[in-house]
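Reckoned from all heavy atoms, side chains included, excluding hydrogens, waters and symmetry mates.
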Amino acid sequence: MPRHSPSLDRATPDRIAETALLLVDEGGPEALTFRALAARLEISLASLQRRCVDLAGLLDLCLDHLAARLPGTRPDADWATATEVRFTALYRLLAERPGLLALRGTRPWLGPHLLARLVEPQLADSLAAGMSPEEAITAYRRMYLLTLGSAGFVDHGDAKAAQAATRTALAALDPEEFPVLSGSLAAIVPAVTDHEVYYGALRQLIAAADPARRPLQPEREDD
């Protein structure tokens, strides 16, 4: 019988993802290297590379590990409710991982868990609610891009630091050249990390796309 390797037990996809996320949480994006991850897992660099190949593969593993936590929706939920549940869950998940978002950059996120828990059910619900395929994908993309941008624009893990950086940058502006920005610090700074800015924008997109809110088409009279 082939000899069992303990390193394989320490290098399961979930264990790799959890440990990689921990490294990023502890030391920021720059802390995630293959050497550091292999050392934390107590496996060889070669064993880790056999699982992930490269940084892109590692990030895909981490992102899809997180996507497995996305919740389902109630079978009786209407389109608007189910849509809000899905996207607010994605927002919260991503906002908690600013380091991972920084590493992700513009990489597409097409892992099986994200497709199964967000993309497929959202598009299926949209079609069932009466949208055309083009309307369904447009609505999805608008909400998805809003979610990524809102979660990744600032470090929500350190709201005080994000607000302080914004305040410092705006305070350095010439009040004569930028009177609105310079004179509106009290309103601008808190909004930078206010989650309600995202939730409000999401609800506006949902309301605009909701098939249940479409005006009824008048019946055509027979000639």
Side-chain angles (χ1 to χ4, degrees), residues 1-73 85-122 140 143-166 192-193 195 198:
M1 293 180 62
R3 194 173 66 179
H4 177 73
S5 172
S7 67
L8 294 178
D9 296 332
R10 294 192 291 270
T12 63
D14 283 340
R15 181 84 185 278
I16 291 172
E18 289 167 0
T19 307
L21 291 169
L22 184 61
L23 284 175
V24 175
D25 289 345
E26 291 175 349
E30 63 277 3
L32 183 59
T33 67
F34 266 62
R35 290 190 181 280
L37 182 55
R40 182 67 66 91
L41 288 166
E42 298 181 324
I43 62 175
S44 69
L45 188 60
S47 295
L48 179 59
Q49 289 174 327
R50 279 197 293 271
R51 292 287 196 188
C52 304
V53 181
D54 54 17
L55 180 60
L58 176 58
L59 292 177
D60 286 344
L61 198 66
C62 291
L63 288 164
D64 213 49
H65 176 77
L66 291 178
R69 304 177 188 177
L70 291 173
T73 59
V85 167
R86 291 188 186 108
F87 281 98
T88 55
L90 179 64
Y91 172 76
R92 290 170 184 146
L93 184 151
L94 295 177
E96 292 174 355
R97 302 287 182 175
L100 185 63
L101 276 183
L103 285 170
R104 178 190 176 276
T106 58
R107 286 181 49 75
W109 185 4
L110 299 172
H113 282 124
L114 183 79
L115 295 176
R117 292 175 178 267
L118 176 69
V119 185
E120 178 68 20
Q122 182 61 38
Y140 172 85
M143 288 179 268
Y144 179 67
L145 293 175
L146 170 69
T147 303
L148 286 184
S150 298
F153 183 70
V154 298
D155 183 350
H156 290 283
D158 193 347
K160 289 184 178 180
Q163 289 186 7
T166 301
V192 170
T193 55
H195 296 296
Y198 166 74

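Between the CG atom in Leu101 and the CG atom in Leu94 there is a gap of 5.0 Å [rounded to 0.5 Å]. Rounding to the nearest 0.5 Å gives a distance of 9.0 Å between CD of Gln49 and CG of Asp54. Atom CG of residue Asp60 and atom CZ of residue Arg104 lie 9.5 Å apart, to the nearest 0.5 angstrom. Rounded to the nearest 0.5 Å, atoms SG (Cys52) and CG (Leu37) are 7.0 Å apart.
Counting heavy atoms from C-beta on, the side chains of His195 and Tyr91 come closer than 4.5 Å. When side chains are defined from C-beta on, Leu100 does not count as touching Asp25, because their heavy atoms never get closer than 4.5 Å.
Between Phe87 and Tyr140, the ring center distance clears the sub-6.0 Å criterion.
Legend: residues meeting side chain to side chain contact (heavy atoms under 4.5 Å, CB included) with Asp158, ordered by chain and number and at least two apart, are Asp155, Lys160, Ala161. Every residue meeting the side chain to side chain contact (heavy atoms under 4.5 Å, CB included) condition with Ala67, not counting sequence neighbours, appears here in chain and number order: Asp64, Leu70, Trp109, His113, Leu114.
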query: Are Leu21 and Leu32 close enough, and set up right, to give a side chain to side chain contact (heavy atoms under 4.5 Å, CB included), and what steps lead you there?
result: CA-CA 8 Å; Leu21 291 169; Leu32 183 59; over 6 Å; no
task: Show your working on side chain to side chain contact (heavy atoms under 4.5 Å, CB included) between Leu61 and His65 and close with a plain yes or no.
output: CA-CA 6 Å; Leu61 198 66; His65 176 77; 5.9 Å; no
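Between Glu26 and Arg40, at least one side-chain nitrogen of the basic residue sits less than 4.0 Å from a carboxylate oxygen of the acidic one, meeting the salt-bridge criterion.
Distance alone, capped at 3.5 Å, places no donor-acceptor pair between the Thr19 side chain and the Ile16 backbone. No side-chain donor-acceptor contact under 3.5 Å links Arg117 to the backbone of Arg69.
Atom CD of Glu120 has 12 or fewer heavy atoms from other residues, nucleotides or ligands within 6.0 Å. Within a 6.0 Å sphere centred on CZ of Phe153, heavy atoms belonging to other residues, nucleotides or ligands number 12 at most.
Inspection of the Tyr198 and Thr147 side chains reveals an N or O donor paired with an N or O acceptor under 3.5 Å.
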